[in-house]
Amino acid sequence: MDKEQVAEILIEIGILLELKGENPFKTRAYANAARTLETLNEPLEKIVAENRLGDIKGFGEALQKKITELVTTGHMTYYDELKAETPPGLLEMLQIPGVGPKKVKVLHDKLGIKTVAELEAACQAGKVAELAGFGEKTQTKICEGIAFRRTYASRHHLSKAIAAAEPILDTLRGHPDVIRCSSAGSLRRSKEVVGDIDFLVSSKKPSEILEFFVSQPGVINVVAKGDTKATVIITGGIQADLRVVSDAEYPFALAYFTGSKEHNIVMRQRAIQRGLRLNEYGLFKSKEETRDSKLLVPCKTEEEIFQKLDLAYIPPELREDHGEFIAAEQGKLPRLLEWTELRGSLHNHSTWSDGHATLEDIVNYMIELGCDYWAITDHSKSSFQAHGLEPARLREQIKAVKKINQSLADQGSDFRLLTGSEVDILKDRVDFDDDLLAELDVVVASLHAGFSSNEADNTNRLIRAAQNPYVHMLGHITGRLLLEREPYKVNQQAIIDACAETGTWIELNANPYRFDMDWRLWQYAKSKGVKCVINCDAHRNENAGFLRLGAGIARKGWLTKADVINTLPLPELMKALRHKRDSKR
DNA sequence: GCCGTTTTCGGCCCGACTGTTTTCAGTCG
């Protein structure tokens, strides 16, 4: 049992305890432990075997014992019993907006409701409104919440959220009474998937701004509207929150609403350690609750807040309590990659396989966009569903690319198309022979089919591909499709180690459904010296925009310009591409 | 359930909004 599986169980225990009405700090202890596990850089089995779990903060006697039992025997008596006494439908009921653990407990204890379907029936029969603490409105809201969940997913791809948020942000910026405004929350932190969109505005006329916001054409439902805050549902079913504050409060509110929750908790603790109190309204020289401006430690920007807490400025993408505090204290935060530092993409498709643009269209579009190069890596023959290229066809494509490059050179253009292949990783080898791969500028090796349910099999296939001297990088190593398909089972750490040994790069696939490899693993990869390539995996020219999204995810992974291969100018890139095969010779 | 320069008990981040109350609990972020 690996750390991800253990973490999942700990999170579930936390929720189950909440449903039982347990002490909230106890439930949080489980959630905290789960988060800590996910950031570990060595196998949990090893830590358990060497009895070192207690060295990690947040793992006391009880958790050590339970986790050790789980890792060594594959099950945990405490969890099994807890799960057995809680109907599974109760967990699902928590997903309904406005329904939390306390309400679920009452519904279960008083009405015997065990599933979402039973809850909906009880609402329709009017039984829920009769319960103490419930009423007509709560009952209606639950019904609407259930119906909403049926219609819309509650989580959204980053790209969809950005597309929905940017026009609203522009509109808000144009309002004469708006002083400063920004998105906040997980969108600002560039999380791969977001639950809702947060906006923050500073203004002297909050009620007018809120009225303006809820009457926007894209708003299909107003969930809540108070004096400083409104919640709406916008087109596409995404929830959007707006908070309006004074301009003096703005930096504090921006830091607060950007989160993450875990990051904020540490920020508050740091304030307390310094005899201060931090909330969304300010940083106060007081241990008591106050908004007394005489006690305010004035800060005009987020930078100043961090400074007052003895920290370097932490970019939003890093605010996940993933080590940013230690680095910010020691002045060791990296200067993160800027998306404008990317010069092209090394994994893309054309009409030769399953892409929608011709080579000529791609060249014109990418030159217009300001790229220096663009690799054409169409599928290999085994991906017949994607019109994968036979060797002869690939050799034709190489000629076609060379001809285009010759004509670019003749016109005095410095832009170059690179030849390449996204070669399938088959059971025991990659799809093309070495002599053909040797003719290509760029080789991306990816798994597309025949995933085993056996983690070791998948992992070994990827490791063998990394060992091939002609393979520059591994593509989308988990095959996940966010919100649609689970990753195939694979030991990512072992793959990173193999890439470190063989000098193979790992792709950060910038398709917003993939963002694969996950940002949580890049710090480890970086520590092993593994380089990243941010690739569009473009099937249409517009997909070039994925570079910006991918850079946001790379920033979450603490990556700098030096960590990312496709920031290199063309001559250096070509040198880097030749390096692995040369060193094998 | 964890933790300790208030250390073996009593804390644990903090506030807005809603609905059901008639002063507050639950939920959410």
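Just so it is clear: chains get the letters A, B, ... in the order the sequence lines come, proteins before strands, and each one is counted from 1. Here the structure is a predicted model, which means the values were calculated and not measured. Scope of the values below: all heavy atoms of this structure, side chains included, with no hydrogens, waters or symmetry mates.
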query: Does a salt bridge link A/Arg52 with A/Asp55, judged by any charged N lying under 4.0 Å from a carboxylate O?
result: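 The answer is no: the pair does not qualify as a salt bridge.
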- request: Indicate yes or no: does A/Asp321 engage A/Lys261 in a salt bridge with an N to O separation below 4.0 Å.
  value: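 Answer for the salt bridge query: no.
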d([atom1], [X]; [atom2], [N]) in whole Å:
X	N	atom1	atom2	result
A/Ile265	B/dG15	CD1	P	14 Å
A/Glu22	B/dC2	CD	P	13 Å
A/Asp241	B/dG15	CG	P	19 Å
A/Gln95	B/dG29	CD	C1'	15 Å
A/Leu63	B/dC2	CG	P	4 Å
A/Lys65	B/dG1	NZ	C1'	14 Å
A/Lys103	B/dT21	NZ	P	11 Å
A/Gln269	B/dG4	CD	P	12 Å

Go through [options] for me and flag the one nearest to the [X] side chain.
X	options	value
A/Ala62	B/dG29, B/dC14, B/dG1	B/dG1
A/Ala29	B/dT27, B/dA16, B/dG1	B/dG1
A/Thr228	B/dA16, B/dC2, B/dG15	B/dA16
A/Lys57	B/dG15, B/dC3, B/dT20	B/dC3
A/Tyr256	B/dG29, B/dC17, B/dT27	B/dG29
A/Arg277	B/dG15, B/dT27, B/dC17	B/dG15
A/Arg243	B/dG26, B/dC12, B/dA16	B/dA16

- request: Quickly, which of A/Glu320, A/Glu317, A/Glu192 forms a salt bridge (Lys or Arg N to Asp or Glu O under 4.0 Å) with A/Lys556? Name it, please.
  value: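 Of all the options given, the one that passes is A/Glu320.
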Measuring only the [atom1] atom in each nucleotide, how far is [N] from [M]? A whole number of Å is fine.
N	M	atom1	value
B/dC9	B/dA16	P	37 Å
B/dG11	B/dT6	C1'	10 Å
B/dT20	B/dT27	C1'	14 Å
B/dA25	B/dT21	P	13 Å
B/dG1	B/dT5	C1'	23 Å
B/dC12	B/dT7	P	15 Å

message: So for A/Tyr281 and B/dG15, does any side-chain atom that can act as donor or acceptor lie under 3.5 Å from a complementary atom in the base?
response: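 Answer no: no donor N or O sits under 3.5 Å from an acceptor.
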message: For a quick check, tell me whether the side chain of A/Asn23 and the base of B/dG1 share a donor-acceptor pair closer than 3.5 Å.
response: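 Such a pair is found, so the answer is yes.
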Need one value for [X]: base, sugar-phosphate or nothing, where a base atom within 4.0 Å counts as base even if backbone is also close, heavy atoms only.
X	value
A/Glu61	sugar-phosphate
A/Pro24	nothing
A/Gln239	sugar-phosphate
A/Lys66	sugar-phosphate
A/Lys141	nothing
A/Ile96	sugar-phosphate
A/Phe257	nothing
A/Arg28	base

message: Can a donor-acceptor pair be found, under 3.5 Å and without considering hydrogens, that links the side chain of A/Arg270 to the backbone of A/Leu309?
response: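 Yes, the answer is positive, given that a donor and an acceptor are paired below the 3.5 Å cut-off.
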Output side-chain donor-acceptor pairs under 3.5 Å for residues 116-131 of chain A, partner residues at least two apart or in another chain, one line each.
unit_1: A/Glu118; atom_1: OE1; unit_2: A/Lys114; atom_2: N; d: 2.7
unit_1: A/Glu120; atom_1: OE1; unit_2: A/Arg150; atom_2: NH1; d: 3.4
unit_1: A/Glu120; atom_1: OE2; unit_2: A/Arg150; atom_2: NH2; d: 3.0

- prompt: Want to settle it: does A/Gln139 or A/Pro97 sit nearer the 5' end of DNA chain B, counting the closest nucleotide to each?
  reply: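 That would be A/Gln139.
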- prompt: Of A/Asp196 and A/Lys261, whose closest DNA chain B nucleotide lies nearer the 5' terminus?
  reply: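 Upstream on the strand: A/Lys261.
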query: Hey, does the side chain of A/Thr138 come within less than 4.0 Å of B/dT20's phosphate (OP1/OP2), counting only N and O?
result: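 Yes.
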message: Going by salt bridge (charged side-chain N to carboxylate O under 4.0 Å, His left out), name the pairs with one or both residues in residues 11-30 of chain A, residues two or more places apart or in two chains.
response: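 For residues 11-30 of chain A: A/Glu12-A/Lys83, A/Lys20-A/Glu85, A/Glu22-A/Lys26.
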query: Considering Watson-Crick and G-U wobble pairs with both distances under 3.5 Å, what does B/dG29 pair with?
result: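 Base partner found: B/dC14.
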- request: Under the side chain to side chain contact (heavy atoms under 4.5 Å, CB included) rule, what do A/Thr258 and A/Arg319 come out as? Steps first, then yes or no, please.
  value: CA-CA 8 Å; A/Thr258 297; A/Arg319 300 182 196 169; 3.7 Å; yes
message: Counting the benzene-type ring for Trp, do A/Phe252 and A/Tyr281 have ring centres under 6.0 Å apart?
response: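 Centroid distance A/Phe252-A/Tyr281: not below 6.0 Å, so no.
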